[in-house]
Protein chains: 2
Amino acid sequence: MAGLREQWRRTAMRTIQERALDLFDERGFGAVTIEEIAAAAEVSPSSVYRYFGTKEGLLVADEFDTMSPAALGELLDPADPVGSLVEVVRRYEAPQHGADDGPGDRSGTDGPWRRVRYFFTEPSVRSAALAAMDRAAARIAPLLEGGGTVDAAQARVLAHALTFGYFAALETWHDDGGTRPIAGYVTAGLAPLRRVWAS
Amino acid sequence: MAGLREQWRRTAMRTIQERALDLFDERGFGAVTIEEIAAAAEVSPSSVYRYFGTKEGLLVADEFDTMSPAALGELLDPADPVGSLVEVVRRYEAPQHGADDGPGDRSGTDGPWRRVRYFFTEPSVRSAALAAMDRAAARIAPLLEGGGTVDAAQARVLAHALTFGYFAALETWHDDGGTRPIAGYVTAGLAPLRRVWAS
DNA sequence: GTCGTTCTGACAGTCACTCTCTCGAACGAA
DNA sequence: TTCGTTCGAGAGAGTGACTGTCAGAACGAC
């Protein structure tokens, strides 16, 4: 059912991303070419572009981008978007999101840290991450009109406030060293925004 | 005092920007090369890069980027940032911001419309605009800690909420055709955010 | 097995952007 | 005014991200 083709596509994407991360960590983002990444992953450069679009996409590729609107709607409570966001982050942070290697040293594996670090150290990647936040905002904006207390324009503003507020919290987390759980930073950082939806 | 050098630099930047806009409007952003812009403005391509850094910078170059922190501090009231923002937009929209051509047809001249249009029609320009908002947020964040009611992390979140909320309002304005004043869209769109600073 | 579709890799081309170097013109001081 | 100094402009070459197109191969359905 999974489709043999689709299955191989996923594993190919994973290995490309991993090889890319390896090279980036080793020599720096700017010093690695797409061609080298393709060679390391044993695919053609064309495939890298087909899968990720841009070089930055290798780091920013986001499962939320491909999530269906319906699934997104279940995640987000229009009455308490900040709480929903914290919950999503908390679930996302739970184990299993470190590839499926057993317990042990987690520093070099694939916590969020490894990818996200580049959001805040590599300007072009930061820009791409901002664009991803922007796309996310466009998707959740309609979901915020729920209560009927805000119109479409305000929903758009609040969606941007949420997604980029999240981004800001993520940066604080990064600046702190990226050790403590992200959810705490989101809870604390976005606390003032809760007043928007307070009764 | 103005420095003869600095003066010519400014006029050069103006003409480059105007020629670029002309070409973009005529043939589309993607179909114009830096080389053509440089030729039209009678400067070298090197100068275009020196002045604006990137092709998108031609449209996103922002006087707030170069504004001193002190001047920024005077514009922004930590107790009512939304009101301050509206006030800045209102002042920015007042006449005189249309170059120094006399009254008359304003459609083709240089209202905000002409540049801002590309923020929402050209993806790469949108991305650059988001980056500019991000830089602005980094600059105003420290100013929001005024009351002592928010810490640095929360100030960063709120700064992003403000700047990208503004961006969202701007997009609504654009989608509406860009005719009515922007300040109205900012006031209406950011209204829910006022609750954050409500006593 | 066979056909239509879809994905892949190869290739070439464009252009944004960087780096380096040289020259001339503006600046500050005598 | 004049003489160093400094700064910016232009020229040129190079890199690499990204875009198209195309032929061939693997896949899925029958």
Side-chain angles (χ1 to χ4, degrees), chain A residues 1-17 19-21 23-24 26-61 66 118 122-129 131-132, chain B residues 1-17 19-21 23-24 26-61 66 118 122-129 131-132:
Chain A
M1 280 297 151
L4 196 72
R5 222 164 202 169
E6 189 64 15
Q7 201 167 352
W8 195 79
R9 171 194 170 93
R10 293 195 191 273
T11 68
M13 286 184 69
R14 283 182 79 94
T15 66
I16 292 172
Q17 235 170 353
R19 295 295 164 196
L21 248 332
L23 290 171
F24 291 160
E26 181 185 335
R27 290 156 42 196
F29 181 79
V32 179
T33 70
I34 295 280
E35 207 169 344
E36 292 169 326
I37 296 169
E42 292 175 329
V43 294
S44 72
S46 313
S47 294
V48 179
Y49 284 113
R50 214 189 330 280
Y51 289 151
F52 298 99
T54 68
K55 188 179 179 183
E56 290 78 19
L58 283 163
L59 295 167
V60 181
T66 61
Y118 291 96
E122 208 64 42
S124 71
V125 179
R126 183 186 188 106
S127 197
Chain B
M1 281 302 150
L4 198 85
R5 228 165 198 168
E6 190 63 16
Q7 201 167 353
W8 196 78
R9 172 192 167 96
R10 293 197 190 271
T11 67
M13 286 185 68
R14 284 183 81 92
T15 65
I16 292 172
Q17 234 170 353
R19 294 297 162 194
L21 249 331
L23 290 171
F24 291 159
E26 181 186 335
R27 291 155 44 195
F29 181 79
V32 179
T33 70
I34 294 281
E35 207 170 346
E36 292 169 327
I37 296 170
E42 292 175 328
V43 295
S44 73
S46 313
S47 294
V48 178
Y49 285 112
R50 211 191 329 279
Y51 290 152
F52 298 99
T54 68
K55 189 179 179 184
E56 290 78 18
L58 283 163
L59 295 167
V60 181
T66 60
Y118 291 96
E122 207 64 41
S124 70
V125 179
R126 182 185 189 107
S127 196

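Model, not experiment: these values are computed from the prediction. Note: hydrogens, waters and symmetry copies are ignored here, and every other heavy atom, side chains too, is used.
In this structure, the side chains of Q17(B) and F52(B) come closer than 4.5 Å at one or more pairs of heavy atoms. Considering only heavy atoms from C-beta on, E56(A) comes within 4.5 Å of F29(A) through its side chain. Side-chain contact between M13(B) and R9(B) is present, with at least one heavy-atom pair separated by less than 4.5 Å.
Ranking dC17(C), dT8(C), dC11(C) by closeness to the T54(B) side chain, first place goes to dC17(C). Between dC27(C), dT18(C), dT6(C), one nucleotide has an atom nearer to the side chain of Y49(B) than all others, and that is dT18(C). Of the candidate nucleotides dT6(C), dG10(D), dA17(D), dA17(D) has the atom lying nearest to any side-chain atom of I34(A). Among the nucleotides dG9(C), dC17(C), dC15(C), the one closest to the side chain of T33(B) is dC15(C). With dC18(D), dG9(C), dT6(D) as the candidates, the nucleotide lying closest to the side chain of V43(A) is dG9(C).
Geometrically, K55(B) does not engage F24(B) in a cation-pi contact, judged by NZ or CZ lying under 6.0 Å from the ring centre and within 45° of the ring axis.
Between the CZ atom of F29(B) and the C1' atom of dT14(C) there is a distance of 15 Å, given to the nearest Å. Put simply, CH2 on W8(A) is 7 Å from P on dT8(C), counting in whole angstrom units. Protein atom NZ of K55(B) is 8 Å distant from nucleotide atom C1' of dC15(C), rounded to whole Å. Spacing between atom CZ of R10(B) and atom C1' of dA9(D) amounts to 18 Å, rounded to whole angstrom units. For R5(B) and dT5(D), the CZ to P distance is 16 Å, given to the nearest whole Å. Summarising the geometry, the separation between CE on M13(A) and P on dC7(C) is reported as 13 Å, rounded to the nearest angstrom. Following rounding to the nearest Å, F52(B) (CZ) and dA16(C) (P) show an atom-to-atom distance of 15 Å. In this structure, CG of L4(B) is placed 15 Å from C1' of dG24(C), rounded to the nearest angstrom.
Within 6.0 Å of atom CZ in R10(B), 12 or fewer heavy atoms from other residues, nucleotides or ligands are found, so the atom counts as exposed in its surroundings.
Nearer the 5' end of DNA chain C, as judged by each residue's closest nucleotide, is the contact made by S47(A), out of S47(A) and E35(B).
For R9(A) against dC7(C), a side-chain-to-base donor-acceptor contact under 3.5 Å is absent. Counting atom types as modelled, S46(B) pairs a side-chain N or O with a base atom of dA11(D) as donor and acceptor under 3.5 Å.
Between I37(A) and V32(A) the shortest heavy-atom distance is CG1-CG1, 3.6 Å. Contact record, V43(B) with S47(B): CB-CB, 4.3 Å, taken as the closest heavy-atom pair.
Note on R50(B): a base of the nucleic acid sits closer than 4.0 angstrom, heavy atoms only. Contact annotation for V32(A): backbone-only contact, meaning every heavy-atom pair under 4.0 Å involves sugar-phosphate atoms and none involves a base.
Summary for the helix from dG1(C)-dC30(D) to dA30(C)-dT1(D): the axes at its two ends, each from 5 pairs, differ by 40° when rounded to the nearest 10 degrees.
Between E26(A) atom CD and L21(A) atom CG the span is 12.0 Å, to the nearest 0.5 Å.
Phosphate proximity of dT8(C) to Y51(A): present, with a side-chain N or O under 4.0 Å from OP1 or OP2.
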